[in-house]
Amino acid sequence: QVPTYHFLYEKVKMKDIEKTFGYLQKTNEVLNMVFEEYSGVPKQKLVKNYDPPISFVDLSLVEDNENKLRKMIQEENKELLDFKKPLWKVVLYKLNEEKFCLYLNIHHLITDGWSEGILLEEFNKIYNEIKDKGTVNLPEVDYGYLDWINEEEFYLKEYGSEYLNYWMEELKAPLPI
């Protein structure tokens, strides 16, 4: 799992966060992937019309809420994501009227550090448009995760043995450490 959190120093509307992640979910197919077992083999499956897994926790009336937040995030980090549901979750913590903490946990099966950075950049662009204009006016995505998977499957069918032979040759000698 790849957990992260970011502080927002402004008044935040939950509906804007929900709209933002709803849009991200529509434009990033990987956020709709689940894993199901077929004859003992895990397979990816695209789930349509899944509500973004977002929750809200109001800590504004809690004494020493920053310490409480830290403990809650530590507990969130221990929770495993369910492979039968999209492998990400969001929690918006309210610390006061103009300080929020946005917690995002994405399983490493569907992201890495690089991709997560891109996703957070997209989040910022989309969130600011929704917050400022109430809507999103961004270009449509013309190449997605499923397109990449199809290309990879084609490549492996055409060149898989050549690719495997190359790496077997490269890795057979002792590797420098």
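Keep in mind that this is a model prediction, so the values were computed, not measured. Heavy-atom basis, side chains included; hydrogens, waters and symmetry copies ignored.
In this structure N65 satisfies the side chain to side chain donor-acceptor pair (under 3.5 Å) test with no other residue, sequence neighbours excluded. Qualifying side chain to side chain contact (heavy atoms under 4.5 Å, CB included) partners for L171, counting only residues two or more places apart in sequence or in other chains: W167, L175. Partners of K71 according to the side chain to side chain donor-acceptor pair (under 3.5 Å) rule, which considers only residues two or more places apart in sequence or in another chain, do not exist here.
Between P86 and V34, some side-chain heavy-atom pair lies under the 4.5 Å cut-off. At a threshold of 4.5 Å between non-hydrogen side-chain atoms, the residues Y5 and L69 do not count as touching. No side-chain heavy atom of L102 sits less than 4.5 Å from a side-chain heavy atom of Y127. At a threshold of 4.5 Å between non-hydrogen side-chain atoms, the residues M33 and L46 count as touching.
Remark: F35 CZ is packed, more than 12 non-hydrogen atoms of other residues, nucleotides or ligands lying under 6.0 Å away. The 12-atom threshold is not exceeded at OH of Y163, counting heavy atoms of other residues, nucleotides or ligands nearer than 6.0 Å.
L95 CG to L61 CG: the interatomic distance, rounded to the nearest 0.5 Å, is 11.5 Å. N105 contributes atom CG, which lies 10.5 Å from atom CD1 of I73 (distance to the nearest 0.5 angstrom). Between T135 atom OG1 and K19 atom NZ the span is 7.0 Å, to the nearest 0.5 Å. Taking CG of D147 as the start and CD of E29 as the end, the distance is 6.5 Å to the nearest 0.5 Å.
Applying the salt bridge (Lys or Arg N to Asp or Glu O under 4.0 Å) test to pairs two or more places apart or on separate chains, those with a residue in residues 80-94 are E76-K89, E79-K89, K94-E97. Residue pairs meeting the salt bridge (Lys or Arg N to Asp or Glu O under 4.0 Å) criterion with at least one partner in residues 111-137, sequence neighbours excluded, are E10-K131.
For the pair S115 (side chain) and T111 (backbone), a donor-acceptor distance under 3.5 Å is absent. A donor-acceptor pair under 3.5 Å is formed between the side chain of N32 and the backbone N or O of Q25.
A tilted orientation is assigned to the rings of F56 and F100, their planes being inclined by 30° to 60°.
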Distance-only criterion, 3.5 Å: show the donor-acceptor pairs between side-chain atoms of residues 149-159 and protein atoms not counting sequence neighbours.
unit_1, atom_1, unit_2, atom_2, d
N150, ND2, L146, O, 3.2
E151, OE1, Y143, OH, 3.1
E151, OE2, Y143, OH, 3.4

**Message:** Set out, in order, the CA-CA distance, both residues' side-chain angles and the distance that settles side chain to side chain contact (heavy atoms under 4.5 Å, CB included) for F123 and L119, then state yes or no.
**Reply:** CA-CA 6 Å; F123 168 84; L119 186 70; 5.8 Å; no

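L92 and L81 fall within the same hydrophobic cluster, where Ile, Leu, Val, Met, Phe, Trp and Tyr residues are linked whenever their side-chain heavy atoms come under 4.5 Å apart, directly or through other members. Linking Ile, Leu, Val, Met, Phe, Trp and Tyr whenever their side-chain heavy atoms come within less than 4.5 Å puts F7 and M72 in one cluster. The hydrophobic cluster containing L109 also contains V30, counting ILVMFWY residues as joined when their side-chain heavy atoms lie under 4.5 angstrom apart, directly or transitively.
Residue F21 forms a side-chain contact (heavy atoms from CB on, under 4.5 Å) with just one option from N28, L104, L31, and that option is L104.
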